[in-house]
Structures are given as structure tokens and as C-alpha cells.
S.K.: 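Before we start, here is the structure in question, set down as C-alpha cells.
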Amino acid sequence: MPEFSMPKAYDFHQVEQRLYQQWNDAGHFRPRPAQGRQPFVISMPPPNVTGELHLGHAMFVAMEDLMIRYHRMLGDPTLWVPGSDHAGIATQLQVEKDLLRTEEQTREEIGREAFVERTWAWKAKYGGVITRQLRRLGASCDWDRERFTLDEGLSRAVREAFVRLYEKGLIYRGTYLINWSPGLKTAVSDLEVEYSEEQGQLYYFKYMIAGSDEFIPVATTRPETILGDTAVAVHPDDERYRHLIGKTCLVPILKRTIPVIHDTYVDREFGTGALKITPGHDPADYEIGQRHGLPIINLLNTDATLNENAGPYAGLDRYACRERLWADMQMAGLALKTEPYRMQVPRSQRGGEVIEPMVSTQWFVRMQPLAEPALAAVQRGEIRIVPERFTKVYFNWLENIRDWCVSRQLWWGHRIPAWYCEECEAMTVARDDPSQCSQCGSSHLRQDPDVLDTWFSSGLWPFSTLGWPESTPDLRTFYPTSVLETGYDILFFWVARMIMLGLEFTGKPPFHTVYLHGMIRDGQGRKMSKTLGNVIDPLQMMDEFGADALRLTLLTGSTPGNDVNLSLDRVEGNRNFANKVWNATRLVVGSVTRAEALPAAPNERSLADRWILARRQQVVNEVNRLFSIHQYGEAGRQVYEFFWGEFADWYLELAKLELEQGEPAASNATHTMAAVLDTCLRLLHPFTPFVTEEAWGRLRDACQLAQQGYGPQGGWEAALIVAAWPAAAPGDTLDQSALASFQVVQQLISAIRNVRAERGVDPKARIPAWIAAGEHAALVAEQSQALAALARLDPDRLQVSSGGVQPAEGAIPIVAANIEVFLALEQPADHAAERQRLERELSQARAQVTRLQALLESPFAERAPAQVVEKERLSLAFHLEAARKLDDQLALLGGQ
Ligand SMILES: [Zn+2]
């Protein structure tokens, strides 16, 4: 027999990097053409180029790599396109900060050209960090096709897209109310604004009717905007104010006259029933202003100080103005009262400063014509959103969509391809930089200084990365892509825009399935944050427990669209699972290399062999079914349970007995364990690629060396990453009788083990047993050796019959699977000590019961997440049951 050995312990440090390099060098990450098979393609959500790996990345890499590895094993031409995003604001801010820190200069001081150059240098230096980190997770993407949103090809795609939309009238430049970020000094889109509920004040004041003592009481949360009011609006049917409609009133302090108008938008029940209208600084007022043709007054400079329209308040900061104006109004007798008020404050998603609605000249994409086909594609089922409940959210958003402000006052990004003539002021929008004005031919042109929202380029990602607008072989072969997988938080930012732009430019939905995963929370379900100090660093996790352990935790903890609670204990537990895989493989490999030269004898298979092979088929069927409905987490949990709970804990223990029995049992057991291990490693590969590849390689080498014909039917593949995925088989081919019979044996063994454990019987002790097995007598007799080994019965004092056994006096009766078993448990010599042990355990169980009952009656039960409460309830039931059993045993032990 050739020698073959495996290291005792699995060392992921030594394995992970080496395997990744091997896969990459062998070209396994590139798509393999296959006749008659549809390609499977995922465009990776491009991480920020200067970002660092966080758990959000780890989640999408684990999930997408799982799908990619699965389809690769199915034999589909499989492509995962990686890349990174230039991330306009995020990157620019990083470079600005660095510039200030190292050279004490601002970007304005060094100028646009030098700043952009510096940002490219920054990208060159730090841009590789994130992609190296993705590799550590095992991401099997095709690095030859890696793209960057600002690279040459994608820049061409962005220009093409912009010009086409412009030519169709779907992009326009206009002056509208937008969200202004005073700190960043740029416009931001609606999606980049988050509303937080905060405590503020409602200020009540008088709008004096011109030339009279009468006034309309009005309330506002932002008094400084009074300076920009251009009307007061009331409801047309409001008795209190009807006689004032058409009159004019005076803006406090400024004494500008403005009209009293009526609009059914006004809610008579809310506040005073009268509204001040500031079209220049409030979205709802802007709409009313448009309806009534009201003038727009802009009060703010770009840094949110007041401008000349604020009269005496010009130059003040917005909040200083608020205080000063209110004080002046109090002095003038115009202030009525203030009261505390909970309000929704718009804050920047980046940085958190308060956003100001402001009128500004920007570029917009007309969304409604783009949204209609995007709605239809999902309605017609051409795109499916998983989980389905997000479909409603998607519809709702697209049905109420507003035009998208795409210009940003930044320097890092795709510059808007519009040029203004300095002679005639005409605008030229062009694919290539023009040298002449399209109107007057002048060469004095100035390019629009703004850049495009970073989501504009990422909206083109699925097709721009494949070569669009050229009709490249990649675009023809791999577009439309298959699945778009991402967190539900960017459904609108990114997914909806890709669908709209994909349909617009290619006429096809960019993917047929949108799979949304949840956010990652800590072990207690809390959001991870620096302030809570509960942020888990995926790199540290991988250093400590390995990439497989992290991946398995994220994947088996997830169901589509639901948040994932990640605890360190579980990552550690999954590190142990990788070790379990390794140890089981060592045992199988050891058997394979020691086995005699005999083929399997399928007609003489043992019950255990037949059972594990049938269970394998059930698990394969179930995993295939779960994968087809995107329940990857549940599939992973089932393979995990099968591998550990059935294959390793039961089957391998029984196989050891068969190996000792000689032929044909030994050969059958060896064939069976090699075959089931092979299948398990294949099923586990998408979850834990490293340990499975390494273990599978050892199994394959051992089987090939042994030359006993152990191995898959089609022969061994070059590597597990490209090995065939286990196929489902029709359920009626299952060996049902083996499943049923083995279940009886399992129940019997478990019941005996439980009693032994409850009674504190020495685990090594062999105990006598009498079994009245009724209809199962033949089965139990045949399995008596297995029974004796696994339940630690004394084989010389084991009696099995169909009924009427004569157990020794004092034997303890138990019933399992309708079989009666009497166990002659050795009575502990020291009754008092036994009694003490039971009493100690009982008091511990009762303490737990008291604690849990109190907990569940407290407000905790209403406040905590349902799953957590359920867990505590189960725990309570468990301790109650334990206490009951301990009570019974104490009674059995008799009085003192
Ligand atoms: Zn001109």
C-alpha cells in the first residue's frame, strides 16, 4: 500500500493564500464555454476604490461567490466581473483631508488640475487595498476583466450615455430646488439625504395685514426662512381667514409686502391653519410657488450664511440669524409663542450636517420616461426581486419618482460633457471635446465645471464593464447578466438606476434576478457602530478563524432580505467545523490507504451504508431545491447538520466497526465513506471553499493512489472548484426501508445514551441490557453489534427478543421507538453522594427557571426581538423539563 499522510491539524493560514493563487493561476476564475448552457454572470457591486473591507463587503462577496461557485460546478460558463468605484465625494474628502494634514493646503489653493492629479496618485497607492482584501475572502472573480468607473472605457460609456440622454431630451439643465450640502458645497440627490427625528421648536408669530391691525398667526420651525417668504397661504374654505384672501401682508422686519393666497393643500387642522410660503427653501413651498407663480427668493450663500436678500441679517450664519431675527420680532411685538416640537431634520448621509433646500442651477435626468419601462419589466416578471416584499417598495418608489439631480460641485469624477461659448453663450454637448462652438464657431469654450453623481456611472455598470457602447464579444456573450446581488439599502441608489439605464441603452433588463441580502448586526441584533464599540473587523476575523469560518457564519446566518446577527462565538464555532471537515477527511483517507484491494459489493451493504447513502441523496435533493429558491442559508445549515450530526457522529463511528469486520464490509464501508465525503465536500464548497478544496485534494490523491476504484463516476476532476455539482435524483429511488430501519436504531441508541448521561454513568462502562423489540426484533438483533458499540452496552450480556425478556432485578426500563429496553445501571455506591449531585443539579435548574420566568414577565418580553424572546422561552422549557426529570430521579433514589 502506498504511503499517504495528512497533517493532523488544519492550518488555514498555510492553505488559504496558496489555494487562491492556484485557482487563479489555473484560470479557474475565467468563464469556460459550454455548448448549450446559458452563461451565469454577476457584476460585482464596485466597492469604493480607496475603501477598506468591512462586513458589508464580506457579506456580498460570500453570497456572490457562493452563487458563482455553484454555477461553475454546474458547468455553466460563469463570469463574475470585479471592479471598483471612484466614489466622488468619499474619495475627494479623503484626499482633501490628507492634503490639509500633510501640506496644510486646501484643494482650492492647489487648484483643480493638481488636485485631480493628486487623487489619481492616491488611487494608485490605496486602490489595491480593497481588491486584495476581496481576494482573501476567496472571491473567485475574473481579475482579467477588472474595471474602474473612471477608467478609459467606462468614461467613454458615461459620455455616450450622457449625450444620448441629452439628445433625447432626458437630460436638462435647469434652476430648481435641490438639496444643498453647505459643508461639502455641493448639491446632493434626494437619496443622499437622511431624515432624523429631532427635538426642535415651533415658533408662532404674526403676519400683519398691510394697513390694518389684523394679523394671521403662522408657525414655523425655521424662522430665518421668514425672510424669504413670498406668500401666506390659507385654505379657501377656512372661515377664520377667508376675508383676508387677496389682501397683502408684511414680512416681519423687512416689511416686504406679499399676498395672502388660497390653496387646498393647506391643512386647516394643522398649527394655525395658515402657511408661510418660502419657495426658495422648502420643497412643498416650492411646488405651491410654482402653482401660483410666486417669486423665488434665495436667502443663502453656498456656505449657508445669509446673503444680501436677508437685509440686515446678511452675512450671519443660518442659526445666528434665526436667533437674532426672533429676538427682533419679539421686540417688535410680532412673536406670539414658542413650543417644543418633534421634527424631521434633513441631514447629509455623508457627514451628517443639516441639508438646506436651495434653488440652484443643476443638471437633471428626467426620470418618469425611464421609470415606466423599469416598472413594466418587474411587473411582467422579466426581473424578479428576492425577497418579493421589496417589489412593492420598488414600485412605490418608481411611481413617485422625481427628477434626478446628477451634477455635483466636485472635482473628482466624470466631468459633464457640456461646453459654454464665451462669445455667444451657446451650449455644446458632445461625445468628444469640441474645439469650436456649435453655434458661432468660436474656439473660446469653457467646460462645465461640475462632475456627475457617482451613481450615474455605476448605473451603467452591468453593460459598461462588458464593453458597451461597443458591441464587444463579451457584451454579446455575457449581457444581460444573471443575478444582481446587493444589500437592500441600495435598491434605489443603484439597482433601480441600473434597471432604468440598462433598459434605455440596451433595450434589455440588465439582469433577471435581484437578490437582496440584509444588513449585518452584532450578536444581540444591534446595529454595529463605533460609538457602541461593537464593530467587527472582517480582516481580524479571518486572521483569527479563517476566511471559511467567516463566510460560513455570514451565509448560514442569512435569509434573503433579513438582517444577519453576527457573533464571535458563531465564527469560532464554524472554525471548529472546518477542523471537523479536516478530521473526518483524515479518517476517510486513512481507511482508503489501508483498505484491501476489493471493489464494493453493493448487494451486501450494511444497514449503516444503505442509510447514509440514502440520507446523502435526500440532502442533495434538498440542497438543490433550496438553491433553486435562493434559500442558500438554509441549504448550508442542512449540509452542516448532515456532515457533523450524521456523517461524522454516526456513520463514521459505525464504519469503524465495519472496517474491523473484514470483507466485504470493510470495502463497502470504505467506498461509502469516500463517496459520501466527496459529495459533502462538493456541497460545502460554495460555503467554505478553502478547507473543502484542500480536503478534497487529499481525498482524491489518496483514492487515486489506492487504485481501488474509489471515486466519482465520471472520474476525478482537476480541482474541486471545477468539479461537478451533485445532481438531485427522483425521490422514489430512495432506499426508504434503510431510512426507516436506521431511524429505529438511532432512536434506541439516543434513548440509552440519554439515560446514561442523566444518571451520570461512567461513559466507558459497558452495561448489560435486555431488549424486548417486538416487530423490530430481527432488526435489533442484526444491529446488536452497532448498538453495543454506540450505546456502550455489554455485548456478552445483551439479550434481544421480540418480547418477554427477564431483566435483572432493579434494571431501569425505558421505551424508544416502541421498543422496551431494560438497563442494568450500576447503582452508585455512595447514595448520599449521588443524592447530593442530583440535588445540586436540581437547584441549579430551579434557579434558571426562576431567572427566566422573571425575565419573561418583565418588559424584556415585549421589547426584545421575537427570536431572542423565543430562545429564552425554549431555554425555560428546557430547564423546567430538566428539573422535572431530576425530581423523578431523586424520587427513584428513595428517601434517606
Ligand atoms: Zn458661440
Side-chain angles (χ1 to χ4, degrees), residues 86 88 92 107-108 110-117 119-120 149-150 152-178 180 185-189 280 290 293 295-298 300-302 307-309 358-370 403-457 459-460 464 468-470 501 504-505:
H86 65 281
Q92 176 164 325
R107 72 178 156 113
E108 287 84 0
I110 69 167
R112 183 166 191 153
E113 207 174 313
F115 182 80
V116 169
E117 215 169 277
T119 312
W120 276 105
T149 49
L150 266 183
E152 212 190 311
L154 268 65
S155 298
R156 208 165 49 241
V158 165
R159 277 230 180 157
E160 180 67 29
F162 187 96
V163 174
R164 280 199 204 177
L165 290 176
Y166 179 76
E167 285 171 349
K168 272 185 90 171
L170 293 174
I171 277 191
Y172 60 93
R173 189 164 183 255
T175 303
Y176 294 93
L177 194 77
I178 48 95
W180 185 259
K185 291 202 180 62
T186 178
V188 293
S189 76
Q290 294 294 100
I296 295 170
I297 296 176
N298 178 26
L300 295 176
N301 297 311
T302 56
N307 67 18
E308 66 282 2
N309 291 330
M358 197 153 113
V359 171
S360 163
T361 302
Q362 303 284 345
W363 288 89
F364 295 85
V365 175
R366 217 180 284 287
M367 295 305 267
Q368 214 197 323
L370 295 172
D403 285 356
W404 172 18
C405 174
V406 288
S407 44
R408 295 289 180 277
Q409 288 65 54
L410 303 173
W411 287 352
W412 177 241
H414 296 280
R415 195 146 168 195
I416 288 174
W419 286 261
Y420 307 101
C421 176
E422 296 193 339
E423 311 280 338
C424 76
E425 299 201 342
M427 181 169 73
T428 306
V429 170
R431 287 170 176 82
D432 299 308
D433 292 14
S435 52
Q436 287 186 324
C437 168
S438 56
Q439 293 298 311
C440 73
S442 159
S443 60
H444 294 286
L445 297 174
R446 165 174 57 81
Q447 189 173 2
D448 193 300
D450 293 352
V451 301
L452 285 163
D453 182 2
T454 194
W455 297 102
F456 189 91
S457 50
L460 312 173
S464 63
W468 187 88
E470 312 305 325
L501 296 174
E504 171 66 20
F505 292 120

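When a ligand or atom number is given, it counts from 1 through the structure's own listing order.
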S.K.: Are the aromatic ring centres of Phe505 and Trp468 under 6.0 angstrom apart?
M.R.: yes
S.K.: Determine, using ring centers only, whether Phe115 and Trp412 are less than 6.0 Å apart.
M.R.: no
S.K.: Are any of the side-chain nitrogens in Arg159 or Asp433 under 4.0 Å away from the carboxylate oxygens of its partner?
M.R.: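 Salt bridge present between Arg159 and Asp433.
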S.K.: Taking Lys168 first and then Glu504, would you say they form a salt bridge - that is, a charged N and a carboxylate O separated by under 4.0 Å?
M.R.: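 A salt bridge links Lys168 with Glu504.
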S.K.: Please list, one pair per line, the donor and acceptor atoms closer than 3.5 Å that link side chains of residues 434-441 to other protein atoms, with sequence neighbours excluded.
M.R.:
{"from": "Ser438", "atom 1": "OG", "to": "Thr428", "atom 2": "OG1", "distance (Å)": "3.0"}

S.K.: So what's near the Zn ion (ligand 1), protein N, O or S atoms under 2.8 Å?
M.R.: Cys421 SG, Cys424 SG, Cys437 SG, Cys440 SG
S.K.: Apply side-chain contact (heavy atoms from CB on, under 4.5 Å) to the pair Met427 and Tyr166, showing each step before the final yes or no.
M.R.: CA-CA 12 Å; Met427 181 169 73; Tyr166 179 76; 3.3 Å; yes
